[in-house]
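Note that the coordinates shown come from a computational prediction; the quantities given were computed from them, not determined experimentally.
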Amino acid sequence: MKVLVIGGGGREHAICWKLAQSPKVKELYCAPGNAGIAEIARCVGIGVMDFEKMTEFAKQEAFDLVVVGPDDPLAAGLVDALEAAGLRAFGPRKNAAILEGSKAFSKDLMKKYGIPTAAYETFDTPEAALEYLETAPVPVVLKADGLALGKGVLICNTREEAREGVKTLMLDKQFGSAGDRIVVEEFMTGREVSVLAFVDGKTIRIMTSAQDHKRAKDGDQGLNTGGMGTFSPSPFYTPEVDRFCREHIYQPTVDAMAAEGREFKGIIFFGLMLTADGPKVLEYNARFGDPETQVVLPRMKNDIVDVFEACVDGTLDQVELDFEDNAAVCVVLASAGYPEHYEKGYKIEGLEKFKDQDGYYVFHAGSKFDTEGNIVTNGGRVLGVTAKGKDLKEARANAYKATEWVEFGNKYMRGDIGKAIDEAIAN
């Protein structure tokens, strides 16, 4: 097979790495890719939102399968464009990607079909939102309706913070048009868990659980980022939680989308909050999570081509997912100052140390080649260092050991990825 992966981050590196393991994949391309992906796939300099160029290239090269990684092109309809050009594409069409593309849509869907989630209100004007917030209970959560790179969520502990939040989202337009409409949501407490699932329109197959760390600094301080690290499985995702979610959240979501005439094929990422009243949906994503993919795919035993094709063909009921009985931890090496101001262009050293290490991986998120052929930093999140272990404690120790193998000028990471592991052991 000849396969094209669209995207250029850590998620796409993990997808390309998994595809490269498949004996069925003879040629692998990635657009635009990055310096790490270039080791296993042929990178092509086409932007993910350049639909015309992308479909033209995919048609010309006659790819057997195109895998769309990021949220923006999915929400804008890249899968539709590829299918219209006669190509087989993995990912939801535009009318299904709205599950992530609009917070208001997903909240209304959950309300209509009785899927457990936080109470909420939706507002199209700052005046209406501010009036509501004068009497709403605090803390409260404000969410930009549209896509904001995983950062358009503000947790406001006081009424003053909530008023500032409305200003940030709706008046200052910090997240652009994503904040034209906002969702104001009750603040839920509990453990957060991420669960990724393959969907073929009617059948859903659940992958192993994971837990992300969004804040920039240790102790969950600092600004929200695209994710500073993750671990899998979550010790808090018990068989009881799994049973409840399968019955009340996972299948009902797939059925609800089908009932709305929005057949969903691809990946649904369920962001869950394990509250005292049971699991509730925090958010949906319509694609692999980043960096969750970097801990989930290394533990998956299946040939990913078989699963992708089953989703496209609607035959997922014939596939059983199989995961290793172990654990994985990913620590993100970022540029100091991320997610605000940071410098790029630092030479990355030590990548070769991962070459023949079994159970250790380095997934590139923000890297590129400089004019002399050196691999240099090219983003806020630079690398995802992942390691496996027999349990979470061992995987974490291995991952932090491996972060020492790599150096670049303004290397920064959190020192407490997986701190919940100790709390789980203590309880």
Side-chain angles (χ1 to χ4, degrees), residues 1-46 48 54-70 73-74 78-79 82-83 85-92 196 198-200 205 207-208 265-267 287-288 290 292-316 318-324 328 354-365 367 384 386 388:
M1 284 183 78
K2 191 172 176 181
V3 182
L4 169 65
V5 175
I6 293 172
R11 163 186 46 229
E12 288 77 29
H13 192 177
I15 293 168
C16 285
W17 168 80
K18 191 70 178 165
L19 282 164
Q21 312 288 304
S22 171
K24 295 178 178 170
V25 177
K26 296 288 175 260
E27 288 184 74
L28 185 58
Y29 287 71
C30 189
N34 61 41
I37 294 171
E39 280 200 14
I40 47 172
R42 195 177 301 178
C43 292
V44 184
I46 303 172
V48 298
M54 195 71 84
T55 48
E56 195 46 54
F57 170 71
K59 218 166 128 181
Q60 192 184 320
E61 289 289 336
F63 287 104
D64 299 297
L65 181 66
V66 183
V67 180
V68 184
L74 287 168
L78 181 51
V79 168
L82 291 162
E83 287 182 346
L87 293 148
R88 281 165 65 76
F90 175 83
L196 291 161
F198 289 102
V199 186
D200 74 350
R205 287 286 184 257
M207 296 183 235
T208 182
K265 290 185 171 192
I267 301 287
R287 35 81 194 180
F288 276 110
D290 190 345
E292 289 89 351
T293 311
Q294 289 91 300
V295 288
V296 170
L297 289 189
R299 296 185 56 225
M300 187 170 117
K301 293 182 181 178
N302 304 67
D303 184 330
I304 201 166
V305 171
D306 296 340
V307 193
F308 281 161
E309 296 220 281
C311 291
V312 176
D313 295 333
T315 56
L316 194 58
Q318 296 165 31
V319 172
E320 291 301 329
L321 296 183
D322 195 10
F323 285 85
E324 294 170 358
F354 287 85
K355 280 282 192 290
D356 301 308
Q357 295 281 358
D358 196 32
Y360 292 87
Y361 315 88
V362 59
F363 296 113
H364 292 233
S367 71
T386 299
K388 293 196 286 199

Review point. Are any side-chain N or O atoms of Glu309 and backbone N or O atoms of Asp306, one a donor and one an acceptor, separated by less than 3.5 Å?
Key: no
Practice item. Working to the nearest 0.5 Å, report the span between CE of Met54 and CD1 of Ile6. Key: 4.0 Å
Exercise for review: Give a yes or no on whether the backbone of Gly8 and the side-chain of Asn34 come within a donor-acceptor separation of less than 3.5 Å.
Suggested key: yes
Check your understanding: Any side-chain heavy-atom pair from Val307 and Arg205 closer than 4.5 angstrom?
Key -> no
Review point. Taking the side chain from Lys388 and the backbone from Glu324, do they hold a donor-acceptor pair closer than 3.5 Å?
Key: no
Check your understanding: From Arg11 CZ over to Asp290 CG, what is the distance, rounded to the nearest 0.5 angstrom?
Key -> 5.0 Å
Review point. When rounded to the nearest 0.5 angstrom, what is the spacing between CG in Leu82 and CG in Leu78?
Key: 4.5 Å
Check your understanding: Between Leu28 and Val25, what is the shortest heavy-atom contact and its length?
Key -> CB-CG1, 4.2 Å
Point to revise | All side chain to side chain contact (heavy atoms under 4.5 Å, CB included) counterparts of Val312, not counting sequence neighbours | key: Leu65, Arg88, Phe90
**Study point:** Nearest atoms (heavy-atom pairs only) where Phe288 meets Leu297
**Key:** CE2-CD2, 4.1 Å
Study note, to complete from the structure: Heavy-atom closest pair (Gly266 atom, Cys311 atom, distance to 0.1 Å) is O-SG, 4.4 Å
Practice item. Could you check Met300 against Gln21 for side chain to side chain contact (heavy atoms under 4.5 Å, CB included), going step by step and ending with a plain yes or no? Key: CA-CA 11 Å; Met300 187 170 117; Gln21 312 288 304; over 6 Å; no
Point to revise | Inter-residue atom distance Phe57.CZ - Gln60.CD, 0.5 Å rounding | key: 7.5 Å
Practice item. Kindly indicate, with the supporting measurements, whether the criterion side chain to side chain contact (heavy atoms under 4.5 Å, CB included) is fulfilled by Ile267 and Met207. Key: CA-CA 10 Å; Ile267 301 287; Met207 296 183 235; 3.6 Å; yes
**Study point:** Interatomic spacing from OH in Tyr361 to CH2 in Trp17 - rounded to 0.5 Å
**Key:** 4.5 Å
**Study point:** Aromatic plane relationship, Phe308 with Phe198 - under 30° parallel, 30 to 60° tilted, over 60° perpendicular
**Key:** perpendicular
**Study point:** Asp64 side-chain N/O to Lys2 backbone N/O, donor-acceptor pair under 3.5 Å
**Key:** yes
**Study point:** Any donor-acceptor pair under 3.5 Å from His364 side chain to Ala35 backbone
**Key:** no
Practice item. Measure the CZ-CG distance between Arg299 and Asp322 for me, rounded to the nearest 0.5 Å. Key: 10.5 Å
**Study point:** Test side chain to side chain contact (heavy atoms under 4.5 Å, CB included) applied to Leu4 and Glu61, step by step
**Key:** CA-CA 10 Å; Leu4 169 65; Glu61 289 289 336; over 6 Å; no
Check your understanding: Near Asp356 CG, under 6.0 Å, is it more than 12 heavy atoms from other residues, nucleotides or ligands?
Key -> no
Point to revise | Check against side chain to side chain contact (heavy atoms under 4.5 Å, CB included), Asp200 and Asp313 | key: CA-CA 7 Å; Asp200 74 350; Asp313 295 333; over 6 Å; no
Point to revise | More than 12 heavy atoms of other groups within 6.0 Å of Lys59 NZ | key: no
**Study point:** Contact summary for Lys26 and Pro23, nearest pair of heavy atoms
**Key:** NZ-O, 2.6 Å
Point to revise | For the student: nearest non-hydrogen atoms of Ala328 and Thr386, plus distance | key: CB-CG2, 4.4 Å
Revision key, fill the gap. Heavy-atom nearest pair, Phe363 first then His13, reads CA-ND1, 3.3 Å
